[in-house]
Amino acid sequence: MSQLMTLALFLLAFAAILGPLIALHEWGHYIVARLCGVKVLTYSIGFGPKLASWTSKKTGTDYRISALPLGGYVKMLDEREGPVAEEEKHLAFNNQHPLKKIAIVAAGPVMNFIIAIALFWVLFLVPSEQLNTRIGSILPETPAATANLPKGDKIIAVDGYKVQTWEEINYRLADRMGETGTVSISLQKVAESTEKVAENTAGSANVSDPKKASSVYAQSTEVEVPINNFMQGTQSGKDTLTSLGVLPWQPKIEPVIGQLSEEGAAIRQGMQVGDKIVAINDEPVEDWLMVTRIIRDNPETLLNFTVVRKNEQGQSREVQLQIMPQGKKGPAGQQYGQIGAGIAPIDIVVPDDYKTMVSYDPMTAIGKAFAKTGQLATMTLNSMGKMITGKVGLDNLSGPITIAVISKQSFEISWEQVLANAGIISLSLAVLNLLPIPVLDGGHLLYYFIELIRGRPVSERMQIIGFNIGFLLLLSFMILAITNDFSRYF
């Protein structure tokens, strides 16, 4: 695929997800302004020069699409921005009661919250077979290994919060990013059973055969797992589970090479299809996942591979190969190693003891959607606070290029992933816009709450000063975010 075509796909994915979210955000401002009796002059998706427009004969509103798709705006009749005819002064935004101003400004972020809740609700309604929260493996030299977390036990809570899926565990751990201390993990010992056990926890799973369902869980125990500058420093770029050192069930696959990329480092250094990797840097490897983990963790590092190779007569011999994994960049900008080797396609069967069917009725799903939205909003604010205090590096800040990359990847995975990413982006837009920075909705809300309390507006001079400060602050963050994006992907 040509670079031009790839760029076009990134832009289309970006527009397909961000465009509707921006349009609905601005529609929130627009519709509430109309309901409050304020005249809307312009409804624009994007900034800068207009690409297309249409003017309503009934309302006089100019609906337009503009060149820069990084936001949008609703321009209302306002005496501060130009002369207003006497007969239309009651339609001007600046002449409205502070409560009306607050409602109009808050409507945009509220709309993004509603969108996020609606998307999460749809996703919770879709039944899905998932891995349950039983620990599949513990990575060596990690916090989980230090705390001796037992393989096979089921994680039922993190820091006192009940968890039913690995996604929920991920979110709870992500909330501890940059912190030092302990993570409280609540576990249940799972007894071995020859019968298939169907979980039935808090409306989260349906029992396929109630007669076969039985209690196989012992009393829960709590383990304090030590963390130090969690997911930062040497752990930077790793996901939450790898950083803690606890992984879901994963299949044990023989590390036998089934395919090689012609452009990969492996084939250039003599690796062949059929080679079985038995050691890397003289350390024995047990399965393919262990091999990939070592390769991914060592980009641009020379590794010594010991492989067992059979000749045409079926005789085996050990062969030593030196291969340097090529450095690649992942979805979040983290660097990982790749040698251009893979296994032959296989059918993977997940043991029943590690599976669960998750489905929710509509009422339970809406409750879960509200809870997830609240949790992610709190986590976003918490992360911003940690960036300001220095607990989390500013290199975690992402911009439009990252949104485009994640959008394209979500379309390649599934429609559920598209909705999930759209929900998270919508929620991020809501939280960002509510920050008390004068250029943003949150800054305007601050002014109007002050006006409501004082009984008169904040002086224009103070508003202009605040706007200039807010603009510079927002511009600085945007430049930093785009710089981070370039360092990740280019």
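Since we're looking at a predicted model, the values are computed, not measured.
Looking at Ser410 and Gln417, their side chains never bring a donor and an acceptor atom within 3.5 Å of each other. Thr165 and Glu167 form no side-chain donor-acceptor contact under 3.5 Å, judged by distance and modelled atom types alone. If you check the side chains of Ser186 and Ser220, you find no donor sitting under 3.5 Å from an acceptor. Side-chain N/O atoms of Asn228 and Thr180 include a donor and acceptor closer than 3.5 Å.
Put simply, the side chain of Trp249 reaches to within 4.5 Å of the side chain of Val350, judged on heavy atoms. Within the 4.5 Å cutoff, the side chain of Gln272 has heavy atoms near those of the Arg309 side chain. Between Thr146 and Pro226, the closest side-chain pair of non-hydrogen atoms falls below 4.5 Å. The side-chain heavy atoms of Val256 and Ile343, taken from C-beta on, include no pair separated by under 4.5 Å. Using a 4.5 Å heavy-atom threshold, the side chains of Phe14 and Ile406 count as separate. Side-chain contact between Leu303 and Ile323: absent, with no pair of heavy atoms (C-beta onward) separated by less than 4.5 Å. Inter-residue side-chain proximity for Glu416 and Ser128 is flagged as unmet; no heavy-atom pair is nearer than 4.5 Å. Between Thr356 and Glu129, every side-chain heavy-atom pair lies at or beyond the 4.5 Å cut-off.
Nearest heavy-atom pair across Pro248 and Leu131 is CB-CD1, 3.9 Å. Between Ala15 and Pro20, the shortest heavy-atom distance links the atoms O-CD, 3.4 Å. Scanning both residues, Asn484 and Leu397, for their nearest heavy atoms gives ND2-O, 3.0 Å. Heavy-atom minimum distance, Gly72 versus Ile22: N-CG2, 3.9 Å.
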For Asp175 and Arg172, what are the C-alpha separation, side-chain angles and deciding distance, and is it a salt bridge (charged side-chain N to carboxylate O under 4.0 Å, His left out)? CA-CA 5 Å; Asp175 207 29; Arg172 291 300 173 191; 5.3 Å; no

What do the steps show when you test Ile424 against Phe120 for side-chain contact (heavy atoms from CB on, under 4.5 Å), and what is the final call? CA-CA 9 Å; Ile424 293 171; Phe120 293 150; 4.3 Å; yes

Does the pair Val308 and Arg317 meet the rule for a side-chain contact (heavy atoms from CB on, under 4.5 Å), with working shown? CA-CA 6 Å; Val308 173; Arg317 63 186 178 94; over 6 Å; no

Go through the steps for Tyr336 and Ile295 under the test side-chain contact (heavy atoms from CB on, under 4.5 Å), then give the verdict. CA-CA 8 Å; Tyr336 65 92; Ile295 293 171; over 6 Å; no

Could you go step by step and tell me if Met384 and Leu435 meet the side-chain contact (heavy atoms from CB on, under 4.5 Å) rule? CA-CA 10 Å; Met384 290 179 179; Leu435 294 178; 4.0 Å; yes

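No donor-acceptor pair under 3.5 Å is formed between the side chain of His25 and the backbone N or O of Asn112. With hydrogens and angles ignored, the 3.5 Å screen pairs a side-chain donor or acceptor of Ser44 with a backbone N or O of Gly46. At distances below 3.5 Å, at least one donor-acceptor pair connects side-chain atoms of Asp361 with backbone N or O atoms of Thr364. Distance alone, capped at 3.5 Å, is enough to place a donor-acceptor pair between the Arg176 side chain and the Thr182 backbone. Under a 3.5 Å cut-off, the side chain of Thr292 and the backbone N or O of Leu289 do form a donor-acceptor pair. Proximity of a side-chain donor or acceptor of Thr242 to a complementary backbone N or O of Lys238 within less than 3.5 Å is not detected. Panel note: side chain Lys386, backbone Met177; a donor-acceptor pair is recorded below 3.5 Å. The backbone N or O of Gln164 lies less than 3.5 Å from a partner atom in the side chain of Glu168, making a donor-acceptor pair. With Ser407 contributing its side chain and Ile403 its backbone, the two residues share a donor-acceptor pair below 3.5 Å. At distances below 3.5 Å, not a single donor-acceptor pair connects side-chain atoms of Asn281 with backbone N or O atoms of Glu283.
Every residue meeting the side-chain contact (heavy atoms from CB on, under 4.5 Å) condition with Phe370, not counting sequence neighbours, appears here in chain and number order: Ile117, Ile366. Judged as a side-chain contact (heavy atoms from CB on, under 4.5 Å), and not counting sequence neighbours, the contacts of Phe411 are Ala13, Ala16, Ile17, Val418. Residues that satisfy the side-chain contact (heavy atoms from CB on, under 4.5 Å) test with Ala52, not counting sequence neighbours, are absent from this structure. By the side-chain contact (heavy atoms from CB on, under 4.5 Å) test, Thr378 pairs with no residue at all, sequence neighbours left out.
Screening residues 153-180 for ring-ring contact (aromatic ring centres under 6.0 Å, His included), with sequence neighbours left out, gives no hits. Applying the ring-ring contact (aromatic ring centres under 6.0 Å, His included) definition to pairs two or more places apart or across chains, those involving residues 121-149 are Phe124-Tyr360.
To the nearest 0.5 Å, atom CG of residue Leu173 and atom CE of residue Met231 are 8.5 Å apart. Interatomic distance, CG of Leu187 versus CD of Glu222, reported as 9.0 Å (0.5 Å rounding). Note that CD1 of Ile294 and CD1 of Ile339 are 11.0 Å apart. Values are rounded to the nearest 0.5 Å. Rounded to the nearest 0.5 angstrom, Lys408 NZ and Leu9 CG are separated by 6.0 Å. Rounding to the nearest 0.5 angstrom, the gap separating the CE atom in Met324 from the CG atom in Asn298 is 10.5 Å. A distance of 11.0 Å separates CD in Gln232 from CD in Glu179, rounded to the nearest 0.5 Å.
Considering Gln322, Gln320, Met271, Gln269 as possible partners of Phe305, the one that fulfils the side chain to side chain contact (heavy atoms under 4.5 Å, CB included) test is Met271. Each of Ile169, Val223, Leu149, Asn132 was scored for a side chain to side chain contact (heavy atoms under 4.5 Å, CB included) with Ile155, with one residue passing: Ile169. Residue Pro109 forms a side chain to side chain contact (heavy atoms under 4.5 Å, CB included) with just one option from Leu429, Leu427, Asn433, Leu432, and that option is Asn433.
Ion pairing of Lys189 with Asp153 is present here, as a side-chain N (NZ or NE/NH1/NH2) and a carboxylate O approach within less than 4.0 Å.
Counted within 6.0 Å of CD on Glu286, heavy atoms from surrounding residues, nucleotides or ligands total 12 or fewer; the atom is thus considered open. Summarising the local packing, CD of Glu312 is surrounded by 12 or fewer heavy atoms from other residues, nucleotides or ligands at distances under 6.0 Å. The neighbour count for Asp282 CG, taken as heavy atoms of other residues, nucleotides or ligands under 6.0 Å away, does not exceed 12. Within 6.0 Å of atom CD in Glu263, 12 or fewer heavy atoms from other residues, nucleotides or ligands are found, so the atom counts as exposed in its surroundings. Around the CZ atom of Phe47, the shell of radius 6.0 Å holds more than 12 heavy atoms that belong to other residues, nucleotides or ligands. Other residues, nucleotides and ligands contribute only 12 or fewer heavy atoms inside 6.0 Å of the CD atom of Glu262.
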